[in-house]
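All chains are named by letter (A, B, ...) in the order of the sequence lines, taking the proteins before the strands, and each is independently numbered beginning at 1. Here the structure is a predicted model, which is why all the values come from computation and not from measurement.
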Amino acid sequence: MPELPEVETVRRGLALYVTGKRIKRLEILHPRATRSGSTISLKSVEGARITDVARRGKFLWFVLDRELALVGHLGMSGQMLIVPKNSELERHTRIRIDFGDKKLELRFIDQRTFGWMSAEPLRKQDEKYLPECCAHIAPDIFSEEFDKARVIGEIKRRKIEIKKALLNQEIMSGVGNIYADEALWYAKVHPERLSSSLSESELAEILRAVKKVMKSALKQGGTSFDDLYINVNGESGYFEVSLRAYGREDEPCRRCGALIRRINFANRSSHFCPVCQRARKSRKPAKKRG
DNA sequence: CATCGACCCTGCGGGC
DNA sequence: TGCCCGCAGGGTCGAT
């Protein structure tokens with residue numbers, strides 16, 4: 001369930017260890033660990049030196065000293081761990097990367113195999129180089145290229161539920177099911193409100209909430225580092241104590257005390273306060289008929 | 001083109 | 001105790 005804050009936490013942890021190192025050997029332990037549709041063999045990154053670790057939304061990649069990037073997506077359950085080479089192989093280890101280090105190696109572990117790694121050519125986009133598989137992903141709210149007015153326009157011109165718009169990585173990236181629920185709770189907007197019906201100020205408020213929620217998660221996620229053993233666990237970044245909506249079905253809203261509701265939404269669920277987050281902005285008393 | 005919904009996958013927990 | 005089913009969900013792709 002890693003969303004932007006978790007992926008950024010992983011990126012920072014990885015950068016501490018891998019920057020400057022050379023990929024000596026990459027071993028693929030599961031056929032689904034590589035991105036289907038990728039044309040370049042993952043093994044072709046062997047021999048490359050890593051100059052940086054970059055991220056856009058939930059995608060992260062090793063910047064290499066060649067016209068290629070090693071991209072990773074954690075999917076639902078992916079983890080990237082820097083662990084002792086002689087430690088027992090976790091059951092769901094999909095990829096191992098040897099940097100020629102005597103003691104440590106990188107392991108990509110992914111129980112549900114929605115995650116992957118891929119060697120991707122670079123494509124120039126707005127004076128920046130992006131891996132091909134990330135070219136369609138919009139900038140995230142912390143990126144320099146983030147354009148608030150454009151995002152608000154993109155949301156307003158669509159006729160979809162606001163939560164769907166928040167989850168659409170081509171409008172704005174990095175937001176997943178958990179932080180979408182949280183942000184909508186803070187902004188007091190019902191997840192099923194039609195995107196085109198929202199005012200500019202409501203959308204600006206939602207974006208503020210998205211930033212606030214992810215910023216505070218990032219702050220907490222960034223504290224668990226250790227120079228010797230970097231546990232960059234994609235799932236460790238959630239702090240259930242601070243969640244206001246997600247996973248709180250039938251628990252009291254921390255603002256008004258009403259019970260949080262859960263509804264089905266596109267193969268998953270939405271959590272919201274039925275009182276703070278009205279489906280319509282104003283509620284007129286129901287007219288009696290007949 | 002825009003939007004929707006099925007699908008990929010595994011582990012876990014509830015119901016019986 | 002053990003089986004079955006639903007649920008968790010990011011991204012992609014085919015259908016409408």
Cut-off 3.5 Å, side chains only: do A:Ser77 and A:Asp110 have a donor facing an acceptor?
yes
Mind checking who shares a hydrophobic cluster with A:Leu89, ILVMFWY linked at side-chain heavy-atom distances under 4.5 Å?
A:Leu29
Taking 5.5 Å and 30° as the limits, would you call A:Phe114 and the base of C:dG9 a stacked pair?
yes
How many angstroms lie between CG in A:Leu207 and CD in A:Glu202, if you round to the nearest 0.5 Å?
12.0 Å
Polar-atom pairs under 3.5 Å, protein N or O versus N or O of nucleotides 4-7 of chain C: list them with distances, or write none.
none

Whole angstroms only, please: what is the [atom1]-[atom2] distance between [X] and [N]?
X        : N      : atom1 : atom2 : value
A:Phe265 : C:dG10 : CZ    : C1'   : 12 Å
A:Asn177 : C:dG9  : CG    : C1'   : 7 Å
A:Asn168 : C:dG9  : CG    : C1'   : 16 Å
A:Tyr179 : C:dA8  : OH    : P     : 18 Å
A:Met76  : C:dA8  : CE    : P     : 10 Å

Look at the side chain of [X] and the backbone N and O of [Y], then say whether any donor-acceptor pair between them is shorter than 3.5 Å.
X        : Y        : value
A:Gln79  : A:Leu81  : no
A:Asp126 : A:Lys128 : no
A:Gln169 : A:Gly174 : yes
A:Lys58  : A:Val175 : yes

Is the charged tip of A:Arg56 near the ring of A:Trp61: under 6.0 Å from the six-membered ring centre and within 45° of its axis?
no
Do A:Lys188 and A:Tyr186 form a cation-pi contact, if we require the NZ or CZ to be under 6.0 Å from the six-membered ring centre and within 45 degrees of the ring's axis?
no
Cluster overlap A:Val71 with A:Val18, hydrophobic side-chain contacts below 4.5 Å
no
Do A:Asp181 and A:Lys163 meet the salt-bridge criterion of a basic N to acidic O distance under 4.0 Å?
yes
Salt bridge present between A:Lys156 and A:Glu200 (N-O < 4.0 angstrom):
no
I would like to know whether A:Lys102 and A:Lys85 meet side chain to side chain contact (heavy atoms under 4.5 Å, CB included); could you show each step before the answer?
CA-CA 8 Å; A:Lys102 276 184 184 160; A:Lys85 282 179 161 176; over 6 Å; no
Counting only heavy atoms and a strict 4.0 angstrom limit, can you tell me which residues of residues 142-150 of chain A come near DNA chain B?
none
Report each atom pair, protein N/O against N/O of nucleotides 12-15 of chain C, whose distance is under 3.5 angstrom.
residue, atom, partner, partner atom, Å
C:dT12, OP2, A:His136, NE2, 3.4

Under 4.0 Å from any heavy atom of chain A: name the first and the last nucleotide of DNA chain B that qualifies, 5' to 3'.
B:dA2 to B:dG11
Need the bend value for the helix from B:dA2-C:dT16 to B:dC16-C:dG2: angle between end axes, 5 pairs each end, nearest 10°.
50°
Evaluate the criterion side chain to side chain contact (heavy atoms under 4.5 Å, CB included) for residue pair A:Met172 and A:Ile141; output intermediate values, then yes/no.
CA-CA 7 Å; A:Met172 168 180 70; A:Ile141 202 160; 4.3 Å; yes
